[in-house]
There are 2 protein chains.
Amino acid sequence: MSTIRDVAKAAKVSVATVSRVLNNSDKVNEETKKRVLETIRELDYKPNEVARSLFRKQSNTIALIVPDIKNPFFPEVARAVEDVLNEKEFTLILCNSDEDPQKEQRYLDMMKQKYVDGVIIVTSTLQKKEIEKSDIPIIALDRQLGNSIPSVSVDNFNGAREAVRHLKSAGCRKIAHIRGPHGIVSADDRSDGYLHETAHEPWYCDDLIVSGNFNHVETFEAAIELMKRHPDLDGIFAGNDIMAAGAIKAAGTFGKKVPEELAVIGFDGIDLCRLTNPEITTMAQPIYELGATAAKLILELIEGKELAETHVLFDVTFSKGQSTKNVR
Amino acid sequence: MSTIRDVAKAAKVSVATVSRVLNNSDKVNEETKKRVLETIRELDYKPNEVARSLFRKQSNTIALIVPDIKNPFFPEVARAVEDVLNEKEFTLILCNSDEDPQKEQRYLDMMKQKYVDGVIIVTSTLQKKEIEKSDIPIIALDRQLGNSIPSVSVDNFNGAREAVRHLKSAGCRKIAHIRGPHGIVSADDRSDGYLHETAHEPWYCDDLIVSGNFNHVETFEAAIELMKRHPDLDGIFAGNDIMAAGAIKAAGTFGKKVPEELAVIGFDGIDLCRLTNPEITTMAQPIYELGATAAKLILELIEGKELAETHVLFDVTFSKGQSTKNVR
DNA sequence: GTGAAAGCGCTAACAA
DNA sequence: TTGTTAGCGCTTTCAC
């Protein structure tokens with residue numbers, strides 16, 4: 001690969017001049033500029049981005065740290081982020097943290113060493129302090145992270161409330177909740193939303209909330225247990241779509257018809273919802289938009305702009321499938 | 001952030017010495033080494049990876065170029081790759097090509113400019129020539145790419161044959177194929193496998209092969225059409241699991257029971273298969289292993305090793321769900 | 001408008 | 001064993 005020196009030599013100018021046309025500085029004669037451009041093409045010269053990074057102390061790269069890219073929510077986020085970055089000639093580094101604070105911290109350190117310009121992180125575990133001292137632009141995605149760190153997330157609490165209200169208006173008289181892991185803010189908020197709509201109901205009791213841990217295997221067990229304990233159960237609000245799918249399968253196994261005998265509603269709006277039979281009714285997040293917005297914000301932060309809005313909160317929207325009955 | 005100079009000054013040694021302990025060269029006194037290590041800790045010094053990259057002409061980074069990370073097959077691949085890289089302190093750059101040769105070429109160029117050490121690519125469109133001239137270690141994943149480029153893939157042809165044979169032995173008497181896009185090697189190979197097992201059958205005719213384009217919407221339409229045209233159809237081999245899910249939904253809509261009246265088998269073995277009702281019978285690829293193997297190979301290539309095997313071919317394994325009947 | 005030269009932070013000769 | 005220095009490829013003062 002040819003360097004800026006080669007171009008300079010071939011074009012009979014100094015490297016400074018080549019650099020100037022590269023960064024299209026105005027102070028360069030049209031004639032020489034043309035000549036330089038010409039030799040650049042001839043030599044198929046591409047500037048060395050690493051050398052540039054070293055000088056500029058930035059790399060046109062941002063990192064996306066997610067718990068696990070296998071969770072179907074995140075690929076769509078990653079896609080959105082990458083699309084936005086790609087337009088600006090930025091590159092995306094992907095990291096899986098497994099919700100492990102140590103891994104998160106390690107990644108954060110690595111990114112700083114590589115002059116990564118900013119990071120978008122999905123975390124509940126990392127301490128705000130750690131992040132704040134890491135002097136690199138950060139956006140919290142999907143889950144807020146204290147007040148000082150800009151975030152992009154959805155209104156989980158009200159989304160959950162709407163889910164429960166839908167079940168009620170579709171005729172459910174006893175509604176359970178299969179929740180995600182404790183300590184994950186979004187799971188906690190959805191659980192709180194459920195409680196807000198049910199705690200005062202005469203039929204409500206604590207063991208209507210069970211843990212499905214955001215996966216379908218544990219959910220299956222939990223749902224079976226739930227149906228055994230509460231033969232009159234006719235509605236389930238699952239904390240995400242994967243768990244909704246698990247609950248629907250459990251209903252099938254247990255012998256309850258969905259949605260006639262048991263209505264199930266999920267949360268997230270991942271593609272899965274339209275692939276199952278029955279399709280899953282869910283509270284859909286604008287997943288792509290979440291990722292795209294986070295990417296735009298981080299780019300603004302990198303450019304040194306003030307954010308117009310430091311905590312962007314999207315609404316979730318009701319998305320009807322066949323796992324709940326129609327509202328009369 | 002402190003630099004190697006700061007450490008040198010504070011430890012009262014030269015930068016060379018600091019560099020030596022950093023790269024644990026042996027030629028350094030135990031005493032001074034201890035002292036340097038000490039000040040490194042005190043200053044919380046982390047070497048600047050960009051400067052290192054500039055010198056070494058490598059970045060401890062590899063790129064994974066996939067058509068679209070939203071396709072559920074790829075997150076698992078990406079996870080595997082990242083796991084392997086992470087162990088070696090390598091970083092993963094993720095790129096979405098949309099099967100567009102121009103984007104692929106652009107990414108390849110960008111990666112070279114960033115001293116990315118190697119790339120793992122999933123492509124059918126990129127010309128071998130383009131890749132060969134790009135003097136950067138490359139592994140073709142999921143689809144072979146001529147003989148000169150090392151690859152990691154599965155035996156699609158025989159996997160497809162096995163899928164069809166399973167349908168036959170489960171009692172199917174007329175089997176259709178919903179295929180992936182033409183020009184994508186894996187889709188073509190699976191289609192060939194289907195043909196190999198069916199073309200000689202008395203019931204075979206060309207319009208038993210329809211295109212589902214690897215997505216469930218087109219598949220749904222195609223499957224409905226198929227069932228209309230062939231009322232006696234009792235088996236479908238779908239080119240991937242998404243399409244299998246689409247076919248199963250179509251069967252439900254059309255009023256055919258799965259698997260009693262129509263058996264459906266997919267290909268890939270993504271998580272989706274265990275989330276649907278009925279669960280999808282499929283020919284499962286060792287997805288994680290594919291990614292992990294590709295990552296290991298690219299690392300070997302980067303280290304300058306000869307590959308023991310340039311074309312790694314995994315078998316797919318039959319994974320029983322409920323979308324096909326049991327074999328008597 | 002153009003060039004010479006310093007320097008981004010690091011590594012690796014080459015000396016001492 | 002340790003230090004001095006050139007240089008990785010680029011950008012940007014500062015002169016001219």
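All values below come from the heavy atoms of this structure, side chains included, with hydrogens, waters and symmetry mates left out. In what follows, chains carry the letters A, B, and so on, assigned in the order in which the sequence lines appear, proteins first and then strands, with residues in each chain numbered from 1.
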Can you tell which of [options] lies closest to the side chain of [X]?
| X | options | result |
| --- | --- | --- |
| A/V28 | C/dG9, D/dC10, C/dT2 | C/dT2 |
| A/I4 | C/dC10, D/dT11, C/dT2 | D/dT11 |
| B/L22 | D/dT11, C/dG9, C/dT11 | C/dT11 |

Look at the side-chain N and O atoms of [X] and state whether any lies under 4.0 Å from the OP1 or OP2 oxygen of [N].
| X | N | value |
| --- | --- | --- |
| B/Y45 | C/dC10 | yes |
| B/N23 | C/dT11 | yes |
| B/T32 | D/dT2 | yes |

Rounded to the nearest 0.5 Å, how far apart are CE of B/M111 and CD of A/E49?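 That separation rounds to 10.5 Å.
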Value in whole Å for how far the [atom2] atom of [N] lies from [atom1] of [X]:
| X | N | atom1 | atom2 | value |
| --- | --- | --- | --- | --- |
| B/L54 | D/dA6 | CG | P | 17 Å |
| B/E30 | D/dT1 | CD | P | 10 Å |
| A/E49 | D/dC8 | CD | P | 18 Å |

Under 3.5 Å, side chain of A/T39 to main-chain N/O of A/E42, donor-acceptor pair present?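 Between the backbone of A/E42 and the side chain of A/T39 there is no qualifying donor-acceptor contact (under 3.5 Å).
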Can you tell me if [atom1] on [X] sees more than 12 non-hydrogen neighbours from other groups inside 6.0 Å?
| X | atom1 | answer |
| --- | --- | --- |
| A/K112 | NZ | yes |
| A/E303 | CD | yes |
| A/E306 | CD | no |
| B/K103 | NZ | yes |
| B/Q58 | CD | yes |

Between A/N60 and A/R52, is any side-chain donor less than 3.5 angstrom from a side-chain acceptor?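 The answer is no; no qualifying pair exists.
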Using heavy atoms and a sub-4.0 Å distance, could you list which residues of residues 5-20 of chain B are near DNA chain C? By number, please.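 B/A16, B/S19, B/R20 - these, ordered by number, are the residues of the stretch whose heavy atoms sit under 4.0 Å from the strand.
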Within residues 55-63 of chain B: residues closer than 4.0 Å to DNA chain C (heavy atoms):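 Hits under 4.0 Å, by residue number: B/F55, B/R56.
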Could you tell me whether A/R35 and A/E38 make a salt bridge, using a distance below 4.0 angstrom between a side-chain N and a carboxylate O?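 No, A/R35 and A/E38 are not salt-bridged.
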